[in-house]
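This report refers to the structure that appears directly beneath it.
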Amino acid sequence: MVLPTGTVHNGRLIIDGTRITATAPQNAQIIDVTDHYVIPGFVDLHNHGGGGASFTSGSVEDVLRGIHTHRLHGTTTLVASTVTGDMDFLTRRAGLLSELAEQGEIAGIHFEGPFISPCRKGAHAEDLLRDPDPAEVRKLIDAARGRAAMVTLATERHGGLDSVRLLAEHGVIAAIGHTDATYEQTVEAIDAGVTVATHLFNAMPPLSHRSPGPITALLEDDRITVELINDGTHLHPAALQLAFHHAGAHRVAFITDAMDAAGFGDGRYWLGPLEVEVADGVARLVTDGTIAGSTLTLDRAFRRAVTVDGLSVEDAVTALSATPARLLGMDDTIGSLEPGKSADLVLLDSAFELKGVMRRGEWVVGPQLG
């Protein structure tokens, strides 16, 4: 078992109902998982869909299918992300997603766009981008009915810093991303209240010796948690190692940035109003080949972290569970295996292949121990 204090061999985990407990109930069922890892359920801060379903445009049934797809891969807590759209559409979308948050299906809403830079737009429709007017940012917060978890902004745009302060005042994570900010502008944004770097390295100026840019500012400041997409496409392993070296696992959150094709397969999809071609598991815009999110699931991100990137199991667990749980303010109930917390766990074999998923005390994927 991977615990906050380290890995315990030949340990025992007791679950009573939906919670981890310190005392075994009478006549408790015993499941022998010798030679397996038991780790906390994964927490994904940034996810646009999966299983052929989009969190931005799908029906309630579609969204639930996407959520379930990621649960099958170990993500027991998920924040649903939108992509750039017009404000009326996004406010309506916030209403639908907030209902699912109230039902406990998702942990909140992440608005990625439309307040981002056209210079670093990635797979966002340029004609729908706009300055982060605090009044419009407030409109999204209100539409989310207390369920807005995070907003990604290009903070150098007009109104960016005021919007960051507004988000901080309302307890919503202000994230800098899809930005063309300088080093100095990024420092100013952090001082204003930014606490997250949206998929660090991607959709922002590269690090340079005379123009260190946002990457340097974000890595050097202990107030910032950096998102990383560990799929082997978005980041070179050396870039990931650089982030871990400077930030440490307690400031890294692995995310999927997944789109509809995650857990579904290659083919043509839509990401907001933009058409995407997925080939060999890599999603790119049909128009110009820009990377358009990922098809990643967090079990793959974990396995890659320990088998390719050389991270310790404990650091990978921190980046996939404890750090994002803390960032969401949910570390009192999720993110680690401790008495009193939700019985959310992932079972892995010695090769780090997923063999079971439990959420709130119920098996999503029953233990496969044969």
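Along the sequence shown, the residues carry numbers beginning at 1.
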**Request:** Say whether, by atom type as modelled, one donor and one acceptor occur between the side chain of Arg251 and the main chain of Val226 under 3.5 angstrom.
**Result:** no

**Asked** Applying the 4.5 Å side-chain criterion to the ILVMFWY set and letting contacts propagate, would Leu296 and Phe264 be lumped into a single cluster?
**Response** no

**Side-chain donor or acceptor of Arg165 paired with backbone N/O of Gly193 under 3.5 Å** = no

**Prompt:** Rounded to the nearest 0.5 Å, how far does OG of Ser336 lie from NZ of Lys341?
**Reply:** 2.5 Å

**Item:** Stepwise side-chain contact (heavy atoms from CB on, under 4.5 Å) check, Val83 with Met259
**Value:** CA-CA 10 Å; Val83 297; Met259 45 81 70; over 6 Å; no

**Item:** Hydrophobic cluster identity match, Phe55 and Leu271, side-chain contacts under 4.5 Å
**Value:** no

**side-chain contact (heavy atoms from CB on, under 4.5 Å) assessment of Asp162 paired with Leu166** = CA-CA 6 Å; Asp162 286 339; Leu166 173 73; over 6 Å; no

**Asked** Is the number of heavy atoms from other residues, nucleotides or ligands within 6.0 Å of NE2 (His158) greater than 12?
**Response** no

**Item:** Side-chain donor/acceptor of Thr323 to backbone N/O of Ala249, under 3.5 Å
**Value:** yes

**Asked** Can you find a heavy atom in the side chain of His73 that is under 4.5 Å from one in the side chain of Arg300?
**Response** no

**Request:** Scan side-chain atoms only and decide if His70 and Asn47 contain a donor-acceptor pair under the 3.5 Å cut-off.
**Result:** yes

**Message:** Test your reading of the model: is there a side-chain donor-acceptor pair from Thr75 to the backbone of Leu78, 3.5 Å cut-off?
**Reply:** no

**Message:** Between Arg65 and Asp62, does any NZ, NE, NH1 or NH2 come within less than 4.0 Å of an OD or OE carboxylate oxygen?
**Reply:** yes

**Message:** Show the nearest heavy-atom pair for residues Ala80 and Leu97, with the distance to one decimal.
**Reply:** CB-CD2, 4.3 Å

**Request:** Report yes or no: does Arg326 contribute a side-chain atom to a donor-acceptor pair with the main-chain N or O of His250 at less than 3.5 Å?
**Result:** yes

**Message:** Between Arg138 and Asp142, does any side-chain N to carboxylate O distance fall below 4.0 Å?
**Reply:** yes

**Message:** When you compare the side chain of Ile31 with that of Leu369, does any pair of heavy atoms fall below 4.5 Å?
**Reply:** yes

**Message:** Would you compute the distance between atom OG1 of Thr333 and atom CZ of Arg360 and round it to the nearest 0.5 angstrom?
**Reply:** 9.0 Å

**Item:** Validation row: Glu275, Thr287 side chains within 4.5 angstrom (heavy atoms)
**Value:** no

**Prompt:** Parallel under 30°, tilted from 30 to 60°, perpendicular over 60°: which one fits the rings of His178 and His124?
**Reply:** perpendicular

**Request:** Walk me through it: do Asp299 and Val346 pass the test side-chain contact (heavy atoms from CB on, under 4.5 Å)?
**Result:** CA-CA 9 Å; Asp299 58 332; Val346 174; over 6 Å; no

**Prompt:** Just wondering, are more than 12 heavy atoms of other shown residues or ligands nearer than 6.0 Å to CG in Asp127?
**Reply:** yes

**Request:** Determine, using the 4.5 Å side-chain heavy-atom cutoff (strictly less than), whether Leu327 and Met330 are members of one ILVMFWY cluster.
**Result:** yes

**Item:** Same apolar cluster: Tyr37 and Leu320, side chain cutoff 4.5 Å
**Value:** yes

**Prompt:** Are the charged groups of Arg304 and Asp231 less than 4.0 angstrom apart, N to O?
**Reply:** no

**Message:** Could you report the tightest heavy-atom contact between Ala217 and Val187, atom names first, then the distance?
**Reply:** CB-CG2, 4.0 Å

**Request:** Measure the CG-CD1 distance between Leu72 and Ile67 for me, rounded to the nearest 0.5 Å.
**Result:** 12.0 Å

**Item:** Plane angle bin for Phe352 and Phe302 - parallel if under 30°, tilted between 30 and 60°, otherwise perpendicular
**Value:** tilted

**Prompt:** Mind checking whether Val364 and His68 have side chains closer than 4.5 Å, heavy atoms only?
**Reply:** yes

**Request:** Kindly indicate whether the side chain of Ile190, heavy atoms from C-beta on, has any atom under 4.5 Å from the side chain of Leu218.
**Result:** yes

**Request:** Nearest 0.5 Å please: distance from the CD1 atom of Ile14 over to the CD1 atom of Ile20.
**Result:** 10.5 Å

**Any Leu298 side-chain heavy atom under 4.5 Å of Thr256 side chain** = yes

**Request:** Check the pair Leu64, Glu105 against side-chain contact (heavy atoms from CB on, under 4.5 Å), reporting the backbone distance first and the verdict last.
**Result:** CA-CA 8 Å; Leu64 290 172; Glu105 297 291 348; 3.8 Å; yes

**Asked** Is there a donor-acceptor pair closer than 3.5 Å between any side-chain N or O of His236 and the backbone N or O of Ala238?
**Response** yes

**Message:** Whether the side chain of His245 engages the backbone of Ala243 through a donor-acceptor N/O pair (distance < 3.5 Å, no angle test) should be reported.
**Reply:** no

**Request:** Indicate whether any N or O donor in one side chain lies under 3.5 Å from an N or O acceptor in the other, for Thr155 and Gln185.
**Result:** no

**Item:** Ring centroid separation His199 to His234 under 6.0 Å
**Value:** no

**Asked** Is the number of heavy atoms from other residues, nucleotides or ligands under 6.0 Å of Glu353 CD greater than 12?
**Response** yes

**Complete:** Nearest heavy-atom approach of Ala325 to Val43 is N-CG1, 4.2 Å

**Request:** Show your reasoning for whether side-chain hydrogen bond (donor to acceptor under 3.5 Å, both in side chains) applies to Thr56 and His48.
**Result:** CA-CA 7 Å; Thr56 298; His48 297 279; 4.5 Å; no

**Message:** Distance alone, cut at 3.5 Å: any donor-acceptor contact between the side chains of Lys139 and Thr91?
**Reply:** no

**Message:** How close do Val63 and Gly58 get, counting heavy atoms only, and between which atoms?
**Reply:** CG2-O, 4.1 Å

**Message:** Side-chain heavy atoms nearer than 4.5 Å, only ILVMFWY residues, links allowed to pass through others: does that put Val8 and Val38 together?
**Reply:** yes

**Asked** So which heavy atom on Thr195 is nearest to which on Ile173, and how close?
**Response** OG1-CG2, 3.6 Å

**Request:** Output, in order, the C-alpha distance, side-chain angles, deciding distance and verdict of ring pair (Phe, Tyr, Trp, His ring centres under 6.0 Å) for Phe89 and Phe111.
**Result:** CA-CA 12 Å; Phe89 174 80; Phe111 297 100; over 10 Å; no

**Prompt:** With a 4.5 Å limit on heavy-atom distance, are the side chains of Asp221 and Thr186 in contact?
**Reply:** no

**Item:** Sidechain-backbone polar pair: Arg284 side chain, Glu277 backbone, donor-acceptor under 3.5 Å
**Value:** no

**Prompt:** About how many Å separate OG1 of Thr233 and CD1 of Ile291, when rounded to the nearest 0.5 Å?
**Reply:** 6.5 Å

**Item:** Side-chain donor or acceptor of Arg157 paired with backbone N/O of Pro132 under 3.5 Å
**Value:** no

**Atom pair CZ/CG of Phe115 and Asp133 - distance to nearest 0.5 Å** = 7.5 Å

**Asked** Taking all atoms of both residues into account, what is the closest heavy-atom pair of Val278 and Thr295, and its distance?
**Response** CG1-CG2, 3.9 Å

**Prompt:** When you measure from the side chain of Asp349 to the backbone N and O of Leu354, does any donor-acceptor pair fall under 3.5 Å?
**Reply:** no

**Message:** Are more than 12 heavy atoms, taken from residues, nucleotides or ligands other than Arg268, located less than 6.0 Å from that residue's CZ atom?
**Reply:** yes

**Polar contact flag, side-chain donor to acceptor under 3.5 angstrom, Thr82-Arg93** = no

**Message:** Which residue in the set Thr179, Asp180, Asn202 passes side-chain hydrogen bond (donor to acceptor under 3.5 Å, both in side chains) when paired with Arg120?
**Reply:** Asp180

**Item:** Non-hydrogen side-chain atoms of Leu45 and Leu328 separated by less than 4.5 Å
**Value:** yes

